[in-house]
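Following: one structure in structure tokens, then a few remarks.
Just so we're on the same page: letters track the sequence lines, and every chain starts at 1.
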Amino acid sequence: MRPVGRSKVGVALLYLFLSLLSVLAVFPLVWIILSSFKTSGEMASHPLAFFPETFTFEYYRRVLNNLHFATNIKNSLIVSLSATLITIVVSSLGAYGIVRFFPKAGKRMTKLLITTYMFPPILLAVPYSIIIIKLGLVNTWTGLVITYLSFSIPYAIWMLSGFFQTVPLEIEEAARVDGAGKWRVFVQVVLPIVAPGVVATAIYTFINTWNEFLFALLLINSSGKMPISVALYSLTGSEILDWGEMMAASVIVILPSIVFFMLIQRKIAGGMAEGSVK
Amino acid sequence: MNSLRTSFKRWNLTGLLFVLPAVLIVVLLLIYPILSSMYYSFTSKNLIRPHYQWVWLDNFRYVLTNPEFYRAFANSIKWTVLSIVGQLLVGFAAALALNKIPRFSGFFRTLLIIPWAFPAIVIAFTWKWIFNDVYGFLPNLLTQLGITSHNVNLFAEPSLVFGAVLFVNIWFGAPLFMVNILSALKTIPADQYEAAMMDGATPWQSFWAITIRHIRGVIGLLLVLRTIWVFNNFDLLYLMTGGGPSDLTTTLPIFAYKTGWGLKQLGVASAITIILLLFLLVVCMLYFRLLNKWEKEDR
């Protein structure tokens with residue numbers, strides 16, 4: 001008997017299986033994009049029609065002009081970029097420090113990560129909302145960025161320590177012999193080697209902060225300060241839902257996530273496989 | 001004395017400076033909030049009223065005698081176990097298939113990974129739209145095919161809602177399992193399979209003895225991380241159903257949210273989240289036992 005995957009029928013079945021799964025995976029994205037261009041009359045009269053009869057950009061215009069989504073996109077960019085920048089600086093230093101100077105702790109990285117990962121966001125939400133009120137940071141981006149560091153830094157340290165572990169010690173020692181100090185070795189020798197990993201970690205952090213919902217819901221309530229996820233949620237507050245607007249806004253939010261994700265997909269997976277093999 | 005001196009020498013100042021910012025932030029943003037949450041769980045802290053007092057174990061007594069808590073707990077377990085099993089099975093099957101096909105593996109992989117990039121709020125909007133009983137694709141399709149007599153709203157129908165949210169969570173979470181299992185599969189040396197075939201092993205035997213044995217570490221780690229994530233998840237489920245209809249999809253995080261921000265009882269909400277954390281700790285310790293056992297066997 002030949003194993004599945006060797007015979008022609010077996011291979012054909014695998015392709016069929018993967019094609020069906022792919023349709024399931026992609027259909028929702030395609031569907032919201034197509035829906036966002038359909039007129040409301042068409043949505044009601046032909047719920048199963050695939051392509052819009054008449055393309056309308058009305059919803060996009062309304063979302064960007066009337067609902068001021070451009071402001072929310074800007075808010076999200078400011079919050080996510082600041083959180084990502086701080087996360088990457090702090091975590092690169094931390095991950096390298098652990099891997100090089102505290103190797104014993106480095107071997108337990110995964111367990112340390114899981115321990116911090118275990119703290120439920122909803123548990124942190126109680127003290128955060130109390131502390132943020134006390135500090136007078138309600139409705140500020142600073143408050144939101146601070147809370148985002150709580151989940152992005154542990155994860156980034158874990159991802160980065162995987163990348164730093166791949167840097168051969170000999171390269172660093174050679175630089176040390178040439179008289180470079182620890183900081184210079186880090187900045188001029190080690191960082192360039194792991195740069196692709198740092199970029200992947202930065203993008204992953206950016207996506208996670210861009211998509212975050214709970215803390216933004218609890219800490220920001222003025223629509224001018226809202227990041228995009230909560231602004232989207234506020235569309236559900238009205239009596240009659242405007243699905244066209246909701247779809248157009250969804251497409252605007254999701255496209256950057258998907259593009260970035262495609263760029264780094266291989267890096268994310270590699271880290272975990274290597275991390276647990278050790 | 002001697003060992004003390006050497007340990008002082010090893011006290012490496014630069015190394016400490018590297019890790020200091022990260023350690024400070026983790027302590028300030030994780031350890032301190034956890035401790036203050038524990039403190040509030042013993043008080044009558046309210047979201048709006050400024051005054052509160054120490055109430056000893058009242059919050060815990062209140063929570064642990066509340067049937068709603070046990071319903072939410074049961075929902076949490078059901079939601080977590082069924083989601084994780086589904087995600088693992090679909091992700092594993094997809095990874096095996098991708099690893100076997102001779103061409104287009106990268107193409108399929110790129111398509112299959114798309115759900116992973118969806119933010120929770122967009123997942124909720126998308127599936128509410130597809131499941132909508134007036135405009136939705138699926139209810140209209142089912143009616144047209146004659147499977148249902150009228151359009152059903154999957155997120156509002158008590159008998160269907162749990163299946164519907166599980167389906168969405170598996171759709172969202174399976175790609176993560178798939179991608180990680182696939183890259184683990186790629187690390188298995190091909191000659192092991194050849195050797196096994198020469199020894200007359202059946203494909204099924206070599207699947208268990210080689211494939212599973214090689215990737216169970218990755219699968220174990222994925223199971224731990226995703227179990228925690230799904231168990232703690234608030235936004236996905238809350239945005240899809242709000243915990244309804246009639247609390248059928250209210251899990252512990254949603255129950256805590258409704259108590260803390262709906263009823264304003266932050267003290268009680270803290271008690272709920274502390275119980276949640278303790279439960280997770282126990283589950284993870286059991287997982288770790290298993291992982292350690294595997295690690296020892298692999299040596």
Under a 4.5 Å heavy-atom cutoff, which of [options] has the most pairs with chain A?
| options | result |
| --- | --- |
| B/F207, B/W204, B/W229, B/F104 | B/W229 |
| B/N140, B/L24, B/D235, B/V23 | B/N140 |
| B/L98, B/V134, B/L35, B/V26 | B/L98 |
| B/L281, B/T273, B/L280, B/N233 | B/T273 |
| B/I25, B/L266, B/L239 | B/L239 |
| B/S36, B/P119, B/P115 | B/P119 |

Against chain A, label [X] side chain, backbone, both or neither, depending on which of its atoms sit under 4.5 Å from a heavy atom there.
| X | answer |
| --- | --- |
| B/F118 | both |
| B/F172 | neither |
| B/Y39 | neither |
| B/A93 | both |
| B/F234 | side chain |
| B/F279 | neither |
| B/K128 | both |
| B/R216 | neither |
| B/L29 | both |

Ring centres under 6.0 angstrom apart (A/W183, B/F18)
yes
For B/W129 and B/F137, I'd like to know if the aromatic rings sit close, meaning centre-to-centre distance below 6.0 Å.
no
Return yes if a side-chain donor-acceptor contact under 3.5 Å exists between [X] and [Y], otherwise no.
| X | Y | answer |
| --- | --- | --- |
| B/S41 | B/N59 | no |
| A/S35 | A/W243 | no |
| A/T87 | A/Y155 | no |
| B/T227 | B/Y287 | yes |

Select one option (side chain, backbone, both, neither) describing which atoms of [X] are under 4.5 Å from chain B's heavy atoms.
| X | value |
| --- | --- |
| A/P28 | both |
| A/Y96 | side chain |
| A/F119 | both |
| A/A125 | both |
| A/F186 | side chain |
| A/I228 | neither |
| A/F27 | side chain |
| A/L29 | both |

Where [X] and [Y] come nearest, the two heavy atoms and their spacing:
| X | Y | answer |
| --- | --- | --- |
| A/Y117 | B/N232 | O-ND2, 4.0 Å |
| A/A49 | A/W31 | O-CH2, 3.4 Å |
| A/P120 | B/L276 | CG-CD2, 3.8 Å |
| B/A117 | A/I258 | CB-CG1, 3.8 Å |
| A/L14 | B/A97 | CD2-CB, 3.9 Å |

Output the option from [options] having the highest count of non-hydrogen pairs under 4.5 Å with chain B.
| options | answer |
| --- | --- |
| A/M246, A/M118, A/K182 | A/M118 |
| A/S19, A/S91, A/P154 | A/S19 |
| A/L149, A/I130, A/I133, A/I32 | A/I130 |
| A/L218, A/I153, A/I98, A/I146 | A/L218 |
| A/S257, A/A95, A/S22 | A/S22 |
| A/L235, A/L232, A/L24 | A/L232 |

Given 3.5 Å as the limit, does a donor-acceptor pair link the side chain of [X] with the main chain of [Y], or not?
| X | Y | answer |
| --- | --- | --- |
| B/N99 | B/A95 | no |
| A/E245 | A/D242 | no |
| A/N72 | A/M226 | yes |

So with a 6.0 Å cut-off around [atom1] of [X], is the heavy-atom count from everything else above 12?
| X | atom1 | result |
| --- | --- | --- |
| B/Y52 | OH | yes |
| A/F101 | CZ | yes |
| B/Y32 | OH | no |

